[in-house]
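Order of listing sets the numbers, starting from 1, for every ligand and every atom in it. What's counted below: heavy atoms across the whole structure, side chains too, no hydrogens, waters or symmetry copies.
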Amino acid sequence: MGRITTLGEFIVQSQSNHPEAKGELSRLLSAIRLAAKVVNSQTNKAGLVDNIMGNVGTTNVQGEQQKKLDVYANDVFIDALQARHELCGIASEEEDDFVAFTSKECKNAKYVLLMDPLDGSSNIDVNVSIGTIFSIYQRQSPVGTVATMEDFLQKGVEQVAAGYVIYGSSTMLVYSTGNGVNGFTFDPTVGVFYLSHPNMRCPKSGKIYSINEGNYPHLPSGVRNYIKHCKELDPPTKRPYTARYIGSLVSDFHRNLIKGGIYLYPSNSLAPNGKLRLLYECNPLAFLVEDAGGKATDGRGKRILEIEPKELHQRTPFFIGSSNMVDEVEQFLEESDTRKAVEVM
Ligand code: AHM
Ligand code: MG
């Protein structure tokens, strides 16, 4: 076997590039690696073990049915992260409020983490890829105290690190500390993540657009025009776009990051702020895409990373992917807004 870098080696090497680092972030990343392996082993068994499929019978704060594997992944990540004493608290899609870790060691920790422990979980029971998304910040409250809400309500630009795990045809962990996006593929035979996708770059343009077109009648007219444009190019033989929508954000994002494309979850007349949550779904992916040369906005020219969060489970319209494609759809939205403004004059 040639010289292959493991995730563990990569974390250690990256730390040595920062002589001032004390290893806290490295230990945090290795806790995420451990939890990812545990969740991976369970997702692989979905269908075999009947206590991990289906609903728990409870709903989360957003009124969504919680799946057994959602709750399981949430517990695994919280346990693994708390055990390393590098976080003073976490926030999760599956928790109504943030969870402060109150041991003496955890109160002395300088980071907080926000996560969607298992995104796209409606796909679990039908064997489609799902993912974990995470985002890490330095706390705002003083070290030695219990975490407060201000530690979690930070703009995405303040992220120290972000990443995701995709449980797909293979399992990958992709992350960035702001110095390049790197992807590691899990080899289940030895239980190790290997660096398989160094320095990932998002192509400037792409052919793929990913949106739930079932929402078409409820979408803003600018987005409807963009979808028409994707389908009705002239001459038709030159059609450059192709539609791909898994309905599992991590998977749709991961594919578009590699191949070039755009993922859209706009506002719609039924959900004025769209569906996706700013803090633990949009911000981490926006951090990654920008570090890889792509773009993420709310469709109206505002960088996702610059949105001021007001609450933990805040939603935002989300447009992410190849920069030229995000610019193009924004142009459609702007044109349609201008047309409407002229009509009411
Ligand atoms: P979840 O956090 O409840 O799993 O919801 C998020 C998921 C994303 O993974 C996916 O892109 C989106 O919801 C799909 O929503 P829709 O079914 O409305 O297209
Ligand atoms: Mg989610």
Side-chain angles (χ1 to χ4, degrees), residues 36 39 43 46 52-56 58-74 77 90-96 113-135 162-168 172 174 208-220 223-224 227 243-257 261-286 288-289 296 298-299 304 311-321:
V39 171
T43 51
I52 57 170
M53 281 174 66
N55 297 328
V56 188
T58 52
T59 53
N60 64 18
V61 68
Q62 295 148 84
E64 298 156 345
Q65 277 279 346
Q66 288 182 298
K67 298 272 178 190
K68 287 178 189 164
L69 213 49
D70 273 332
V71 174
Y72 174 82
N74 191 48
F77 272 90
I90 62 102
S92 163
E93 181 176 317
E94 302 308 328
E95 303 283 343
D96 299 3
L113 180 142
L114 298 96
M115 64 176 172
D116 183 349
L118 212 57
D119 184 68
S121 50
S122 63
N123 288 308
I124 295 168
D125 298 353
V126 289
N127 214 344
V128 172
S129 303
I130 44 183
T132 297
I133 314 175
F134 62 90
S135 166
Y164 59 83
V165 185
I166 176 168
Y167 311 97
M172 280 188 73
V174 176
I208 299 168
Y209 70 101
S210 312
I211 184 168
N212 183 345
E213 277 197 63
N215 291 332
Y216 190 87
H218 307 292
L219 293 174
V223 175
R224 292 207 303 261
I227 293 174
R244 291 283 182 276
Y245 189 70
I246 298 172
S248 181
L249 175 60
V250 171
S251 316
D252 281 310
F253 174 78
H254 182 73
R255 182 201 53 239
N256 294 356
L257 175 67
I262 184 170
Y263 172 97
L264 313 83
Y265 211 113
S267 59
N268 63 62
S269 53
L270 305 175
N273 292 316
K275 174 178 183 187
L276 299 174
R277 273 61 47 128
L278 173 64
L279 289 175
Y280 44 79
E281 292 176 324
C282 304
N283 268 340
L285 300 186
L288 291 168
V289 88
D298 67 352
I304 290 294
E311 55 187 36
L312 230 39
H313 301 288
Q314 181 172 330
R315 296 172 197 263
T316 178
F318 194 40
F319 297 72
I320 186 166

Does [X] reach the side chain of [Y], with side-chain heavy atoms less than 4.5 Å apart?
X	Y	value
Ile124	Leu118	yes
Tyr280	Ile133	no
Ser129	Asn123	no
Ser248	Ile166	no
Val223	Phe319	yes
Leu249	Asp116	no
Lys275	Glu281	no

Give the atom numbers and elements of ligand 1 that come within less than 4.0 Å of a heavy atom of [X].
X	value
Ser121	4 (O)
Asn212	16 (P), 17 (O), 18 (O), 19 (O)
Tyr245	11 (O), 12 (C), 14 (C), 15 (O), 16 (P), 19 (O)
Gly247	9 (O), 10 (C), 11 (O), 14 (C)
Gly120	4 (O), 9 (O)
Glu93	1 (P), 2 (O), 3 (O)
Leu249	8 (C), 9 (O), 10 (C), 11 (O)
Asp116	2 (O)

For atom 7 (C) of ligand 1, the option (of Lys275, Glu94, Glu213, Arg277) bearing the nearest heavy atom |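 It is Lys275 that holds the nearest heavy atom.
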Is there a donor-acceptor pair closer than 3.5 Å between any side-chain N or O of His313 and the backbone N or O of Arg277?
->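 It does not hold such a pair.
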Is there a donor-acceptor pair closer than 3.5 Å between any side-chain N or O of His254 and the backbone N or O of Val165?
->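 Side chain of His254 to backbone of Val165: no pair is present.
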Criterion side chain to side chain donor-acceptor pair (under 3.5 Å) on Asn283 and Ser135, from CA distance to verdict | CA-CA 8 Å; Asn283 268 340; Ser135 166; over 6 Å; no
List nothing but the number: protein N/O/S atoms under 2.8 Å from the Mg ion (ligand 2).
->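 Every protein N, O or S atom under 2.8 Å from the Mg ion (ligand 2) counted, the figure is 4.
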Mind checking whether Asp252 has a heavy atom under 4.0 Å from ligand 1?
->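 It does not; every heavy atom stays at 4.0 Å or beyond.
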Does the N or O separation between Asn215 and ligand 1 drop below 3.5 Å for any pair?
->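 No; every N/O pair is 3.5 Å or more apart.
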Kindly write out the residues that satisfy side-chain hydrogen bond (donor to acceptor under 3.5 Å, both in side chains) with Arg255, not counting sequence neighbours, or none if the list is empty.
->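 Counting only residues at least two positions away or on another chain, Arg255 forms a side-chain hydrogen bond (donor to acceptor under 3.5 Å, both in side chains) with Ser210, Asp252.
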